[in-house]
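The next block holds one structure in the form of structure tokens; read it before the comments.
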Amino acid sequence: MEMEKTYDPQQFEDALYATWQEKGYFTPKIDPKKDPYTIVIPPPNITGQLHMGHALNNTLQDIMVRYKRMQGHPTLWLPGTDHASIATEVKIVDKLKAEGKSKEELGREGFLKAAWDWKKQYGGRIVEQLKKLGSSLDWSREAFTMDEKCNKAVKRVFVNLYNKGLIYRGSRIINWCPCCKTALSDAEVEYSEQDSFLWNVKYPLSDGSGSITVATTRPETMFGDTAVAVHPNDERYADMIGKTLDLPLTDRKIPVVADEYVEMDFGSGAVKITPAHDPNDFEVGMRHNLEVIRVMNDDGTMNELAGPAFCGLDRMEARKKVEEELTSLGLLVKKEPYKHNVGECYRCHSSVEPIISKQWFVKMKPLAEPAIKVVKDGEIEFIPERFSKVYFGWMENIKDWCISRQLWWGHRIPAYYCEKCGETVVSEETPAVCPKCGHTHFKQDEDVLDTWFSSALWPFSTLGYPEKTEDLAYFYPTSVLITAYDIIFFWVARMIFSGLEHMHQIPFSKVMIHGIVRDKLGRKMSKSLGNGIDPLLVIDKYGADSLRFSLANGIAPGGDTRFYEEKVESARNFINKVWNASRFVMMNLEGVTLLPIEKTKKTIADQWILTRLSETAKAVNDNLEKYEIGLAGAKLYDFVWSEFCDWYIEAIKPSLYSSDETIKQNAASNIYYVLVSVLKMLHPYIPFVTEHIYQNLPIHEETIMLSSYPTERSDLSFPQEKAEFEAIMDIIKAIRNVRAEMNVAPSKKLHITVKTDKEEIVRKGEGYLSKLAGVESVRYDSAYVPEKKVSSAVTSAAAIFIPLGDLVDTEKEIERLNKEKAAVQKEIAKSMSMLNNPGFVSRAPETVVNQERERLAANEEKLVKIEENLKNLAD
RNA sequence: GGACAGUUAGCUCAGUUGGUAGAGCGUCUUCUUGACGUGGAGAGGGUCAGGGGUUCGAGUCCCUUACUGUCCACCA
């Protein structure tokens, strides 16, 4: 197959993915003799469209998965989607609204049908988009949080927790979203600081002896007040405790109670207590046996307990009216501007009302304890480690988890109420007979479960739990969970305690946390800002490989990353470089019988690159084992571009063009080996282009995907020759430097004289000097005394003299050499000061001291040569 | 209020157990040499936020200050 001059990903990416999938490369073969490597995908919402966060997350997972697969582990990356209860329901309600229909009109069944239709139509979008990215997911195991398997797991878990007393139903203050009309968990509320007011209201004492002023940010809740609390030690109110107050705008009398919850220094030191609408007040209410009066409906309007004048008003209208009436009664002392945090629904962003409501809860303390322990004990490791602190912070202060949602799209709570006696029966199937009264008709609980309840079971529900499947036995616990830090609470923490509770085993041994993708200015990408970049458009323009590499290369663990097109361009350029290097190699393989690398003759350039290849392979493997994906990527980038392409390919050209067939064959075999190794090492990052090139090589296995990942090769490491070639490289760089500074055209061939005590090394490098520095002839003369008009290039190994005739501007040459001299002197001074420090010599490791001595010696040699040259020029 | 990050070249960021500060982009010079101009060669550019400490040696470890950001808590 001919390779085009320029890399064009559109020509092969989709086709390659289809082939990989058809051949079943993504599906692991279960082999009890081998260690499996398993990742379950953080299931994207079915409402979702691939965004940069997904692109980053899946790129990182795919890199690890492809790497481990190439190492020979039976590797499973399990795909799936999340039903996203609230997000999907909101979306479908909106769609119905646009069609002039409502949820209520359709009824539960009709609505669910519409939801499933919607899921069928759009739920697969993101799945297709993941394929565009190149994700090597095992589609034969694709899961959905509401499929049969997962439903069964959810029911089993719910029943088990209920039977253990870890799930209960009760009236608590919960977060209520009046817009979505459902309860939310604490984690689903986002707080933001907003400008509001603090209303100071006078509550008169019933006996007419005065009044107490209270401050509130939600005056409309006053209809639910059942006390005013003051601090027991507060002398200002000491004689009022126990008296009653006339609650304004109502005909109720409420007591003044003493409670240590009150901060004496804040405001007036008196707090109105509204147990039905504030979690703290609820606690106070419990302590003082206060009545709980809920004055708000589910939709955020006031109910009849707010009185006829307010009943039916929206909470904000009611707030206004309360203010007006209090003002006209002269009870509003003042209204001061006040900034405070307001909770918002994480889905619709309307402000959340704390409200008392009867809901289902998971008792968290007993579940949290073992979940804290496994991380403390290191059974589960967070990468980077600092995120374990975030985890502990949450787990150690965890409150019970409100899991019921007043929605229809989701797992319906498996609780049944006897229609006759009201007995609650929790079971996986509809019960036949009431255990209490023998009645046979039940009504199932109307609510569904929090989306995250099913996500929490994902690592084992997808593998077959509660059945004891082969998958579950082999692939659980999974190897690592890779996700962004923003769902540590929602998901990671809950999977950990769920795995421990239901599987009696951790769900994964590592949690790799990465950052989020920001825009060029560092802002979070969001719909409202309109600053998101669609990964699919990037793929269309640059290819999935470029996108992947631009996301994964050079990122720091746990850190956010900024995304902008120049980065993708840079990645594309790199891939183009790989493409052309490959093209070059292939051009030189034609008609050559390749030798195995162990059998080839090797030049010092070959030995140098093989050594560097081995070193790079070792470094990259080390990094990947530690999930240092960005670092490994940067090393590959540098090795491929600056060493393989810039030096090795150029250095090997004479051998490849040689008329001696043996030289040619050996050179071709060596560079072929290096190229294949490079492609393999890059494959996890840029899977498409590496496979495409690989398939075009004259000799290759069936797929690069299942070839073995390169590792350190001590049998192909040549430290001595590597050092020699590096000495040659130094000379070449020095000569190039002189050429550039002296404005010597590349076409001008040089005749150089070399003064060195390492003549045999320089001799080995003559061919490279010719090819890479334009040196036509080399003369060795240790007694050489240069004349004027001779420029010089100095390295620690040799002094190179380059007669340039009139091209040499003596003054400029002196200036240049002086500059170099100063630099070398500075280094010498530094080395001397280190070596003259007795502490350094005695306490630093021997290798470091020796290294410093060598450095000093090399620089001193260099200095001598420079001074000689300067002397000659001055004469 | 608490916790955690970040502060390194003009810009965006790496820097893996402390051992001579790096890359990409941009800038300047130069080269159409038979893989690649999405390229080659060369250059310039940083007292690693400030201060203190530990150490033979600190961008890296400790303390502290400042600024930026994120998360958690929620005194009504």
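All values derive from a computational prediction rather than experimental measurement. Atom set for the values below is all heavy atoms of this structure, side chains included, hydrogens, waters and symmetry mates excluded. By convention in this document, chain letters (A, B, ...) are assigned in the order of the sequence lines, proteins followed by strands, and residues within each chain are numbered from 1.
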Out of B:rC4, B:rU12, B:rA76, which nucleotide sits closest to the side chain of A:K567?
B:rU12
For a quick check of understanding: with a heavy-atom distance under 4.0 Å over all strands, which category does A:T274 fall into, base, sugar-phosphate or nothing?
nothing
Between A:W199 and A:R218, is there a cation-pi geometry (under 6.0 Å to ring centre, at most 45° from the normal)?
no
A:Y685 (side chain) donor-acceptor with A:G633 (main chain) under 3.5 angstrom
yes
Give one of base, sugar-phosphate or nothing for A:W641, where a contact means two heavy atoms less than 4.0 Å apart.
sugar-phosphate
Whole-Å P distance, B:rG10 and B:rG69
23 Å
Just call it for A:P845: base, sugar-phosphate, or nothing, with non-hydrogen atoms closer than 4.0 Å on any strand.
base
Has A:K771 got its NZ or CZ under 6.0 Å from the middle of the six-membered ring of A:Y768, at an angle within 45 degrees of the ring axis?
no
Can you find a side chain N or O atom of A:Y7 that sits less than 4.0 Å from OP1 or OP2 on B:rA35?
no
Mind checking if A:I649 touches a base, just sugar-phosphate, or nothing, with heavy atoms under 4.0 Å?
base
Base, sugar-phosphate, or nothing: which does A:Y338 touch, judged by heavy atoms less than 4.0 Å apart?
sugar-phosphate
Applying the Watson-Crick and G-U wobble criteria at under 3.5 Å, what pairs with B:rU70? Answer none if nothing qualifies.
B:rA3
In whole angstrom, give the distance that lies between atom CG of A:L551 and atom P of B:rU12.
19 Å
Taking only side-chain nitrogens and oxygens of A:K733, does any of them come within less than 4.0 Å of OP1 or OP2 of B:rG40?
no
Integer angstrom distance from the P of B:rG59 to that of B:rU47
13 Å
Heavy atoms under 4.0 Å, any strand shown: does A:F489 hit a base, just sugar-phosphate, or nothing?
sugar-phosphate
Can a side chain N or O of A:K653 be found less than 4.0 Å away from OP1 or OP2 on B:rU33?
no
Can you tell which of B:rC31, B:rU20, B:rG40 lies closest to the side chain of A:D646?
B:rG40
Between B:rG22 and B:rG46, how far apart are the two P atoms, rounded to whole Å?
14 Å
Classify the nucleic acid contact of A:A556 as base, sugar-phosphate or nothing, counting any heavy atom under 4.0 Å across all strands shown.
sugar-phosphate
B:rC71 and B:rC28: how far apart are their C1' atoms, nearest whole angstrom?
45 Å
Which nucleotide in the list B:rU20, B:rG24, B:rU16 gets nearest to the side chain of A:E827?
B:rU20
Do A:K653 and A:F584 form a cation-pi contact, if we require the NZ or CZ to be under 6.0 Å from the six-membered ring centre and within 45 degrees of the ring's axis?
yes
I need the residues from residues 573-585 of chain A with at least one non-hydrogen atom less than 4.0 Å from RNA chain B; give them sorted by number, or say none.
A:N573, A:N576, A:K577, A:N580, A:A581, A:R583, A:F584
Under 4.0 Å, counting only non-hydrogen atoms across every strand here, what does A:N341 touch: a base, just sugar-phosphate, or nothing?
base
Comparing A:N623 and A:M264 on RNA chain B - which has the more 5′ nearest nucleotide
A:N623
What residues form a ring-ring contact (aromatic ring centres under 6.0 Å, His included) with A:W647, not counting sequence neighbours?
none
Could you give the distance separating B:rC48 and B:rA9 at their C1' atoms, to the nearest angstrom?
10 Å
For B:rA21 versus B:rG57, give the span between their P atoms, rounded off to a whole number of Å.
16 Å
Aromatic centroids of A:Y485 and A:Y391 separated by under 6.0 Å
no
For the side chain of A:E650 and the base of B:rA41, is some donor closer than 3.5 Å to an acceptor across the two?
no
According to the Watson-Crick and G-U wobble definitions, with both distances under 3.5 Å, which nucleotide is paired to B:rG19?
B:rC56
I need the CD1-C1' distance between A:I398 and B:rC72, as an integer number of Å.
13 Å
N-O pairing of A:R319 and A:E323 below 4.0 Å:
no
Determine the contact category for A:V390: base if any of its heavy atoms lies under 4.0 Å from a base atom, sugar-phosphate if only primed atoms, P, OP1 or OP2 are that close, otherwise nothing.
nothing
Determine the interatomic distance between C1' on B:rU60 and the same-named atom on B:rA3; round to the nearest Å.
23 Å
Compare side-chain N and O positions of A:R562 against OP1 and OP2 of B:rC13 and report whether any pair is under 4.0 Å apart.
yes
Could you tell me whether A:K749 contacts a base, only the sugar-phosphate backbone, or nothing, with contacts defined as non-hydrogen atoms closer than 4.0 Å?
nothing
For B:rG37, the nucleotide meeting Watson-Crick or G-U wobble distances (both under 3.5 Å) is none
Using side-chain heavy atoms (C-beta onward) and a distance below 4.5 Å, is A:V585 in contact with A:L697?
no
Heavy atoms only, 4.0 Å cut-off, all strands: where does A:N837 land among base, sugar-phosphate and nothing?
sugar-phosphate
Could you check which of B:rA76, B:rC4, B:rG15 has an atom nearest any side-chain atom of A:K389?
B:rC4
With C1' as the reference atom in both, quote the distance from B:rA14 to B:rC25 in angstrom, rounded to an integer.
14 Å
Hey, could you give me the NE2/OH distance between A:H231 and A:Y237, rounded to the nearest 0.5 Å?
13.0 Å
Which pairs would a plain distance check flag for residues 734-742 of chain A, meaning a side-chain donor or acceptor within less than 3.5 Å of a matching protein atom at least two apart in sequence or in another chain?
{"unit_1": "A:R736", "atom_1": "NE", "unit_2": "A:L772", "atom_2": "O", "d": "3.2"}
{"unit_1": "A:R736", "atom_1": "NH2", "unit_2": "A:L772", "atom_2": "O", "d": "3.4"}
{"unit_1": "A:R739", "atom_1": "NH1", "unit_2": "A:A773", "atom_2": "O", "d": "2.5"}
{"unit_1": "A:R739", "atom_1": "NH2", "unit_2": "A:A745", "atom_2": "O", "d": "2.8"}
{"unit_1": "A:R739", "atom_1": "NH2", "unit_2": "A:P746", "atom_2": "O", "d": "3.3"}
{"unit_1": "A:R739", "atom_1": "NH2", "unit_2": "A:K748", "atom_2": "O", "d": "2.2"}

Using purine N1 to pyrimidine N3 plus N6-O4 or O6-N4 for Watson-Crick, or N1-O2 and O6-N3 for G-U wobble, both under 3.5 Å, which nucleotide pairs with B:rU27?
B:rA43
Is any side-chain nitrogen or oxygen of A:Y564 closer than 4.0 Å to OP1 or OP2 of B:rG24?
no
Below 4.0 angstrom from OP1 or OP2 of B:rC4, is there any side-chain N or O of A:R386?
no
